[in-house]
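Positions are given from 1 along the sequence.
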Amino acid sequence: MNSPGNNSMHSYGGKYVVIEENVSIGKNVSIGHHTVIHSGTIIGDNVQIGSNAVLGCQPFQNSRVKHKVATQKPLIISDNCKIGNNTVLYAGSTLEEEIMVGDLASIRENTNVGSLSVIGRNVIVECRTKIGKRCMIQTGCYITADMVIEDDVFFGPEVSTSNDKQMGTGTRILNGPYIKKGVRIGNNATLLPNITIGENAVVGAGAVVTKDVLDSTTVIGNPAKVLKK
């Protein structure tokens, strides 16, 4: 099946693909079976999309959601990206060039992912988040809303982050961790709200980080304490 977007003669899709109006699809794009591409989505050249993916959906809310949810601009997937099976990518976000998104991953609205980054299988990236270039976010990580991750950062599997110190009981502004460039975070580490992890710092596996970590420092344990600098 050919797409109705730009240069559609060079793109192809599987069975039962739904492509809504005003979708732009570049050259040499492959789309898996049963995938849905919502109106306005922009897809660059040489993009691979798996089966059962949902691309460009709009966010929704109920009375418990603190931030007002508005209609988002189109989802942008840049050239040479690879999108896995059963992924959900929301409108209002941008994936730069040559990003890989693993199976079962989800990226919410108002999120930017820098070029050459990897979003692993079953990773959840919440809204209003920035992920830099060449980052590795491995299987099962939870990236909270309102978080910044700079370039060349490594997250091991199942790292968890949070942005609400009052756990839903207050009215404070939500602030996720700020992760500076070159940071490495081990498996199953937990990062609490509104902390900064300095450049080239290392967080050991299973650590619970409650305070800022200085540049080029290694922390381990619960609560995390400095091992060496």
State, to 0.1 Å, how close [X] and [Y] come at their nearest heavy-atom pair, and which atoms those are.
X: T210; Y: P223; answer: OG1-CB, 4.2 Å
X: V123; Y: G140; answer: CG2-N, 3.9 Å
X: C81; Y: E97; answer: SG-C, 4.4 Å
X: P74; Y: G40; answer: CB-O, 2.9 Å
X: S115; Y: E96; answer: N-OE1, 3.2 Å
X: L104; Y: R121; answer: CD1-NH2, 4.0 Å

Spell out, as yes or no, whether a donor-acceptor pair under 3.5 Å connects the side chain of [X] to the backbone of [Y].
X: S24; Y: I42; answer: no
X: N187; Y: A205; answer: no
X: S106; Y: I124; answer: no
X: S160; Y: Y142; answer: no
X: D212; Y: T196; answer: yes
X: N194; Y: N175; answer: no
X: S117; Y: G132; answer: yes
X: H33; Y: K15; answer: yes
X: D45; Y: K27; answer: yes
X: D151; Y: K133; answer: yes

First locate atom [atom1] of [X], then atom [atom2] of [Y], and finally report the distance between them rounded to the nearest 0.5 Å.
X: S93; Y: L55; atom1: OG; atom2: CG; answer: 11.5 Å
X: I43; Y: I77; atom1: CD1; atom2: CD1; answer: 5.0 Å
X: C57; Y: L75; atom1: SG; atom2: CG; answer: 8.5 Å
X: R108; Y: I143; atom1: CZ; atom2: CD1; answer: 14.5 Å

ask   = Charged N to carboxylate O below 4.0 Å: is that the case for R134 and D152?
value = yes
task = Flag the pair K180 and E150 as a salt bridge only when some basic side-chain nitrogen lies within less than 4.0 angstrom of an acidic carboxylate oxygen.
result = no
request  = Using the test side chain to side chain donor-acceptor pair (under 3.5 Å), find all partners of H38 that sit at least two apart in sequence or belong to another chain.
outcome  =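 Applying side chain to side chain donor-acceptor pair (under 3.5 Å) to H38 gives E20.
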ask   = Got a sec, which residues hit side chain to side chain donor-acceptor pair (under 3.5 Å) with N85, two or more places apart in sequence or on another chain?
value =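 None.
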inquiry  = Quick check on side-chain contact (heavy atoms from CB on, under 4.5 Å): which of V226, V203, V213, L227 does T218 satisfy it with?
reply    = L227
query = Under a 4.5 Å side-chain heavy-atom rule over Ile, Leu, Val, Met, Phe, Trp and Tyr, are I83 and Y90 clustered together?
reply = no
ask   = Of T144, D146, N112, N110, which is the lone residue that meets side-chain hydrogen bond (donor to acceptor under 3.5 Å, both in side chains) with R128?
value =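 In the set T144, D146, N112, N110, the residue that makes a side-chain hydrogen bond (donor to acceptor under 3.5 Å, both in side chains) with R128 is D146.
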query = Sequence neighbours excluded, which residues qualify as side-chain contact (heavy atoms from CB on, under 4.5 Å) partners of T35?
reply = I31, I37, I49, A53
